[in-house]
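Chain identifiers are assigned alphabetically (A, B, ...) following the order of the sequence lines, protein sequences preceding nucleic acid strands; residue numbering begins at 1 within each chain. Since the structure is predicted, the reported quantities are computational estimates derived from the model, not experimental observations.
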Amino acid sequence: MNTIAVIDFETTGLSPARGDRATEIAAVLLRDGQIVDRYQSLMNAGLSIPPFITQLTGISTSMVRQAPPAERVMAEVADFVGTIPLVAHNAAFDSRFWDAELRRIGRQRHQSFVCSMLVAKRLMPQAASYKLGNLVAMAGLPTAARAHRALADAEMAAHLTLHLERELMRRFGLDSVTHELLGRIQRASAGGLQGCVERHLRERKMGMIKV
DNA sequence: TGCCAGGCCCTCTTTAGGGCCTT
């Protein structure tokens, strides 16, 4: 079964290495071209929320103080996604927080991340901006009522991922798109998409890639 | 002391610098 988990964090800042912590997490499961399940929770890491973050996200210190402990939420969401491969918009950011928060509960990631922003740069080279909201609007996809909340952003990134998968299927005549292929696309050179897909199909046919 | 993310990408590049994207 080809399932992908699209995740999104809200945090107190940009860098777990500088002490920033997650304040909210959402995970959206995609299977057979549609959203099949969702997880979302605020989390209390014991930190106050900077005013700028409250202004950006609407998440306040009082909200996270009433939320379950970060440790419990991370254990729940890690169990929810299991070993399903992950996608995030600007995955370098979310993967740092995912790994850092898991490390705090003595767990580690066992799957790879794909970045929907990097895949979009390959498949939507005409885009003027690769911000999540702009790509979603440009593709005519459903926009979230409240951006900068974890579930709303994860759902927008999920719709963008489905759009990118459909674009790959249309352009290359594929009947399905795997996380492995998305990973190859994000690393491909601008002119190397065709060869990248052909190599994937060849290895898939030889049984080197599990679908 | 002073500074403070980090990875990708483009170009006035490659012995580098700056913009984008995430909160």
Side-chain angles (χ1 to χ4, degrees), chain A residues 4-28 40-65 67 70 73-74 77 81 86-104 109 112-139 141 143-161 163-164 182-193 196:
Chain A
I4 288 173
V6 183
I7 71 154
D8 186 80
F9 274 110
E10 303 306 317
T11 70
T12 60
L14 294 172
S15 173
R18 290 178 58 192
D20 291 322
R21 295 292 306 274
T23 58
E24 188 178 43
I25 175 77
V28 172
Q40 179 270 328
S41 182
L42 286 164
M43 63 178 93
N44 183 5
L47 267 62
S48 294
I49 309 298
F52 166 72
I53 297 294
T54 299
Q55 194 173 16
L56 179 71
T57 67
I59 297 171
S60 64
T61 300
S62 64
M63 286 166 70
V64 294
R65 285 200 175 140
V73 173
M74 284 308 300
V77 72
V81 301
L86 299 169
V87 170
H89 198 70
N90 196 11
F93 172 84
D94 290 278
S95 64
R96 280 198 298 275
F97 277 95
W98 183 265
D99 292 348
E101 293 292 347
L102 279 190
R103 209 175 301 123
R104 287 177 173 274
R109 172 162 58 93
S112 59
F113 261 99
V114 155
C115 176
S116 55
M117 183 179 73
L118 293 181
V119 177
K121 284 187 176 181
R122 303 294 179 272
L123 297 177
M124 302 168 72
Q126 74 282 15
S129 156
Y130 291 90
K131 287 183 179 177
L132 178 59
N134 290 345
L135 288 171
V136 164
M138 181 185 163
L141 302 169
T143 51
R146 179 67 171 95
H148 294 300
R149 287 299 299 265
L151 184 58
D153 283 3
E155 291 200 351
M156 284 203 295
H159 285 296
L160 175 63
T161 301
H163 172 77
L164 295 169
L182 292 176
R184 287 189 185 218
I185 296 292
Q186 74 174 0
R187 294 187 297 271
S189 62
L193 279 183
C196 173

Is the distance from OP1 or OP2 of B:dA5 to the nearest side-chain N or O of A:Arg18 less than 4.0 Å? yes

Would you kindly give the CG-to-P distance between A:Leu135 and B:dC20, to the nearest whole Å? 15 Å

Considering only atom P, compute the distance from B:dC4 to B:dG17 and round it to an integer number of Å. 15 Å

Rounded C1' spacing from B:dC8 to B:dC3 in Å: 23 Å

For A:Ile59, the option from A:Leu42, A:Thr54, A:Ile53 that meets side-chain contact (heavy atoms from CB on, under 4.5 Å): A:Leu42

When rounded to the nearest Å, what value does the distance between P atoms of B:dG6 and B:dG2 take? 22 Å

Is any side-chain heavy atom of A:Val87 closer than 4.5 Å to one of A:Phe113? no

A:Leu86 and A:Val114, any side-chain heavy atoms less than 4.5 Å apart: no

Pairwise N/O distances under 3.5 Å, protein to nucleotides 21-23 of chain B:
from	atom 1	to	atom 2	distance (Å)
B:dC21	OP1	A:Tyr130	N	2.4
B:dC21	O2	A:Asn90	ND2	2.8
B:dT22	OP1	A:Leu132	N	2.7
B:dT22	O4'	A:Asn90	ND2	2.9
B:dT22	O2	A:Asn90	ND2	3.4
B:dT23	OP1	A:Asp153	OD2	3.2
B:dT23	OP2	A:His148	ND1	3.4
B:dT23	O3'	A:Glu10	OE1	2.8
B:dT23	O3'	A:Thr11	N	3.0

If the C1' atom of B:dC12 is compared with that of B:dG19, how far apart are they to the nearest Å? 15 Å

A:Thr11: what forms a side-chain contact (heavy atoms from CB on, under 4.5 Å) with it, not counting sequence neighbours? A:Phe9, A:Phe93, A:Phe97

Can we say A:Arg149 and A:Glu10 salt-bridge, meaning some charged N sits less than 4.0 Å from an Asp/Glu carboxylate O? no

Under a plain distance cut-off of 3.5 Å, with no hydrogens placed, do A:Asp20 and A:Thr12 share a side-chain donor-acceptor pair? yes

Considering only the P atoms, how many Å lie between B:dG18 and B:dT1, rounded to the nearest integer? 27 Å

Of A:Gln186 and A:Ala17, the one whose nearest nucleotide on DNA chain B sits closer to the 5' end is A:Ala17

